[in-house]
Trainee: 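Right, I'll just put the structure down here and ask away after.
For clarity, every value in this text was computed on a predicted model and none was experimentally measured.
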Amino acid sequence: MNPVSVISGEGPVILGQPHSGVYVPDEIKARLNERGQALADTDWHVDRLYDGLLAEATIVRADFHRYVIDANRDPSGASLYPGQNTTGLVPLTDFDGEAIWNTPPTKEDIERRRMEYHAVYHLTLASEIDRIRDAHGVAVLYDCHSIRSQIPYLFDGKLPDLNIGTNNGATCAKAIEEAAAELCAASDFSFVVNGRFRGGWTTRHYGDPGTGVHAIQMEIAQSAYLETEDAPFAYSEAKAEKLRATLKQILERIEEIALSRELNGADDD
């Protein structure tokens, strides 16, 4: 099984999708407890949500589930949010802080999964970023995520519908962050910039505007496009249609900024 799917486009935007996959090898699934086997922390239907929104976008999708190994975590295991509850490189708990394993992975298990899944995803993503930057002089990685809107273990209250993360402006040109925020503000969706989710390891690792690589994360509250945030996590056509219109505007504007060479000047200094 190839752990990564790629759709190569010719435009400057790459859609990273590290958490929408649900593949779990049988030998790993057998070690998960009943709670873990429910795979509740999936970024449900994110691939479908973004399908067809930007014709020439490149898509890099991890087909394996984050319980196998999390493609959006530092491979060293270092926390992205020191002092806050979060999940690790191979999560030992779900987003509610509950154990998901009958037989937790060993250090050897984690290293093997890092090589077989995490490293393969990032080698693929890095290759596509290089290809796009060689073609356009810039590449914009737009990292696609979603999460339940209320998870007391991770954050207080209800999450805004759209959560833009640029690690406080460090991972992309100001023009990209501002364009995304302006279009969110013009929509009917609530939003925040660099709130609880400031951008995961992928965004922080690749986003380096000085080298022509810009990265922005979009974390979407699942209440904005699912029928319910509980099993079976059904996709809502009506909700998604409205959300897709806003996401399409954001992606098209980011592509326009990249193609206009607006990013080639140091406009974010």
Trainee: Donor-acceptor pair, His205 side chain versus Gly200 backbone, under 3.5 Å?
Mentor: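 No, His205 side chain to Gly200 backbone: no donor-acceptor pair under 3.5 Å.
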
Trainee: Do Arg48 and Glu237 meet the salt-bridge criterion of a basic N to acidic O distance under 4.0 Å?
Mentor: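 Salt bridge between Glu237 and Arg48, a charged N being under 4.0 Å from a carboxylate O: yes.
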
Trainee: Verify the cluster assignment for Tyr235 and Leu15: are they in a single hydrophobic cluster under the rule of side-chain heavy atoms below 4.5 Å apart?
Mentor: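 Same cluster.
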
Trainee: CG/Leu92 to CH2/Trp101 distance, rounded to the nearest 0.5 angstrom?
Mentor: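 Rounded to the nearest 0.5 Å, the CG-CH2 separation comes to 8.5 Å.
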
Trainee: Apply the test side chain to side chain contact (heavy atoms under 4.5 Å, CB included) to residues Tyr142 and Leu54: give CA-CA distance (whole Å), side-chain angles for both, the deciding distance (0.1 Å), then the verdict.
Mentor: CA-CA 12 Å; Tyr142 177 104; Leu54 194 64; over 6 Å; no

Trainee: Any carboxylate oxygen within less than 4.0 angstrom of a Lys/Arg side-chain nitrogen, looking at Asp109 and Arg112?
Mentor: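 Counted as a salt bridge, because a side-chain N and a carboxylate O are separated by less than 4.0 Å.
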
Trainee: I need the single residue from Thr42, Asp70, Leu32 that forms a side chain to side chain contact (heavy atoms under 4.5 Å, CB included) with His65. Which is it?
Mentor: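 Single pass found, and it is Thr42.
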
Trainee: Whether Lys174 and Glu177 form a salt bridge (side-chain N of Lys/Arg under 4.0 Å from carboxylate O of Asp/Glu) is what I want to check.
Mentor: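 A salt bridge is absent here (no side-chain N lies under 4.0 Å from a carboxylate O).
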
Trainee: Between the main-chain N or O of Val120 and the side-chain N or O of Thr124, is there a donor-acceptor pair closer than 3.5 Å?
Mentor: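 Such a contact is found between Thr124 side chain and Val120 backbone.
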
Trainee: Would the distance check show the side chain of His122 and the main-chain N or O of Ala71 forming a donor-acceptor pair, the cut-off being under 3.5 Å?
Mentor: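 Yes.
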
Trainee: Look at the side chain of Gln217 and the backbone N and O of His145, then say whether any donor-acceptor pair between them is shorter than 3.5 Å.
Mentor: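 Between the backbone of His145 and the side chain of Gln217 there is no qualifying donor-acceptor contact (under 3.5 Å).
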
Trainee: Would a distance-only check, ignoring hydrogens and angles, find a side-chain to backbone donor-acceptor pair under 3.5 Å from Arg114 to Pro75?
Mentor: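 No; zero donor-acceptor contacts below 3.5 Å.
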
Trainee: Is Asn163 reaching over with its side chain to a backbone N or O of Gly195, donor-acceptor style, under 3.5 angstrom?
Mentor: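 No; judged by distance alone, with no hydrogens or angles, the pair does not exist.
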
Trainee: Have Asp41 and His19 got a donor and an acceptor in their side chains that come within less than 3.5 Å?
Mentor: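 Asp41 vs His19: no donor-acceptor pair found between side chains.
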
Trainee: Measuring from Leu141:CG to Ile129:CD1, what's the distance to the nearest 0.5 Å?
Mentor: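 Going from CG on Leu141 over to CD1 on Ile129, the span is 5.0 Å.
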
Trainee: CD/Gln37 to CG/Leu39 distance, rounded to the nearest 0.5 angstrom?
Mentor: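 Output value for this atom pair is 8.0 Å.
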
Trainee: Does a side chain donor of either Thr228 or Asp230 reach within less than 3.5 Å of an acceptor in the other side chain?
Mentor: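 Distance-only check fails for Thr228 and Asp230.
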
Trainee: Is the backbone N or O of Gly9 less than 3.5 Å from a side-chain atom of Thr58, with the two atoms forming a donor-acceptor pair by type?
Mentor: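 Yes: the side chain of Thr58 pairs with the backbone of Gly9.
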
Trainee: Can you give me the closest heavy-atom contact between Ala170 and Pro209, atom names plus distance?
Mentor: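 So the two residues come closest at O-CD, 3.5 Å.
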
Trainee: Using 4.0 Å as the upper bound for N to carboxylate O, is an ion pair formed by Asp96 and Arg148?
Mentor: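 So Arg148 pairs with Asp96 through a salt bridge.
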
Trainee: Within a reach of under 6.0 Å around CD of Glu27, are more than 12 heavy atoms found that belong to other residues, nucleotides or ligands?
Mentor: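 Counting neighbours around CD of Glu27, more than 12 heavy atoms of other residues, nucleotides or ligands fall under 6.0 Å, so yes.
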
Trainee: Begin from the C-alpha positions of Arg131 and Asp134 and carry the test salt bridge (charged side-chain N to carboxylate O under 4.0 Å, His left out) through to its verdict.
Mentor: CA-CA 5 Å; Arg131 179 180 67 85; Asp134 288 347; over 6 Å; no

Trainee: For Leu49 and Leu243, run side chain to side chain contact (heavy atoms under 4.5 Å, CB included): C-alpha distance rounded to whole Å, both residues' side-chain angles, the deciding distance at 0.1 Å, then the answer.
Mentor: CA-CA 8 Å; Leu49 186 65; Leu243 178 57; 3.9 Å; yes

Trainee: Does Gly199 offer a backbone N or O that forms a donor-acceptor pair with the side chain of Arg204 under 3.5 Å?
Mentor: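 Yes: the side chain of Arg204 pairs with the backbone of Gly199.
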
Trainee: Give the C-alpha distance, both sets of side-chain angles, the deciding distance and a yes or no for ring pair (Phe, Tyr, Trp, His ring centres under 6.0 Å) between Phe233 and His45.
Mentor: CA-CA 9 Å; Phe233 307 102; His45 310 294; 8.4 Å; no

Trainee: Looking just at side-chain N and O atoms, do Tyr153 and Thr93 make a donor-acceptor pair shorter than 3.5 Å?
Mentor: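 There is no such pair (donor and acceptor under 3.5 Å, judged by atom type) between the side chains of Tyr153 and Thr93.
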
Trainee: To the nearest 0.5 Å, how far apart are CE in Met218 and OG1 in Thr203?
Mentor: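 So the CE of Met218 and the OG1 of Thr203 are separated by 11.0 Å.
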
Trainee: Do Glu256 and Arg253 meet the salt-bridge criterion of a basic N to acidic O distance under 4.0 Å?
Mentor: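 Answer for the salt bridge query: yes.
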
Trainee: Would Ile220 end up clustered with Val22 when hydrophobic side chains under 4.5 Å apart are linked, directly or stepwise?
Mentor: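 Yes: a chain of side-chain contacts under 4.5 Å links Ile220 to Val22.
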
Trainee: Can you tell me how far the OG1 atom of Thr171 sits from the CD1 atom of Ile216, to the nearest 0.5 Å?
Mentor: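 If I round to the nearest 0.5 Å, the distance is 7.0 Å.
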
Trainee: For Asn102, does its backbone N or O pair with a side-chain atom of Asn33 as donor and acceptor, under 3.5 Å?
Mentor: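 No; zero donor-acceptor contacts below 3.5 Å.
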
Trainee: Do other residues, nucleotides or ligands put more than 12 heavy atoms under 6.0 Å from Lys239 NZ?
Mentor: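 Yes, NZ of Lys239 has more than 12 neighbouring heavy atoms, counting only those of other groups under 6.0 Å.
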
Trainee: Regarding Asp43 and Arg66, does a basic nitrogen lie under 4.0 Å from an acidic carboxylate oxygen?
Mentor: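 Yes, Asp43 and Arg66 are salt-bridged.
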
Trainee: So if you build clusters from Ile, Leu, Val, Met, Phe, Trp, Tyr with side-chain heavy-atom gaps below 4.5 Å, do Val192 and Ile164 land together?
Mentor: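 In one cluster: no.
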
Trainee: Strictly distance-based, threshold 3.5 Å: is any side-chain N or O of Gln17 a donor or acceptor partner for the main-chain N or O of Cys144?
Mentor: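 Checking the backbone N and O of Cys144 against the side chain of Gln17, no donor-acceptor pair under 3.5 Å is found.
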
Trainee: Cluster question for you: counting only ILVMFWY and a side-chain heavy-atom cut-off of under 4.5 Å, with indirect links fine, are Leu259 and Ile132 together?
Mentor: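 No, separate clusters.
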
Trainee: Ring-plane angle category for Phe64 and Tyr121, please: parallel below 30°, perpendicular beyond 60°, tilted otherwise.
Mentor: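 Perpendicular, since the angle between the ring planes exceeds 60°.
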
Trainee: Would you name the heavy atoms of Arg113 and Pro105 that are closest together and state the gap between them?
Mentor: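 Heavy atoms of Arg113 and Pro105 come nearest at NH2-CB, 3.7 Å.
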
Trainee: Please indicate whether Asp156 has more than 12 foreign heavy atoms, meaning atoms of other residues, nucleotides or ligands, lying under 6.0 Å from its CG.
Mentor: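 Atom CG in Asp156 is not crowded, with 12 or fewer foreign heavy atoms closer than 6.0 Å.
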
Trainee: Filter on side-chain hydrogen bond (donor to acceptor under 3.5 Å, both in side chains), then keep only pairs touching residues 193-202, sequence neighbours left out; what's left?
Mentor: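 Non-adjacent pairs meeting side-chain hydrogen bond (donor to acceptor under 3.5 Å, both in side chains): Asn72-Thr202, Thr166-Asn194.
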
Trainee: Nearest 0.5 angstrom please: Asp47 CG to Asp63 CG, how far?
Mentor: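 Taking CG in Asp47 and CG in Asp63, the distance rounds to 9.0 Å.
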
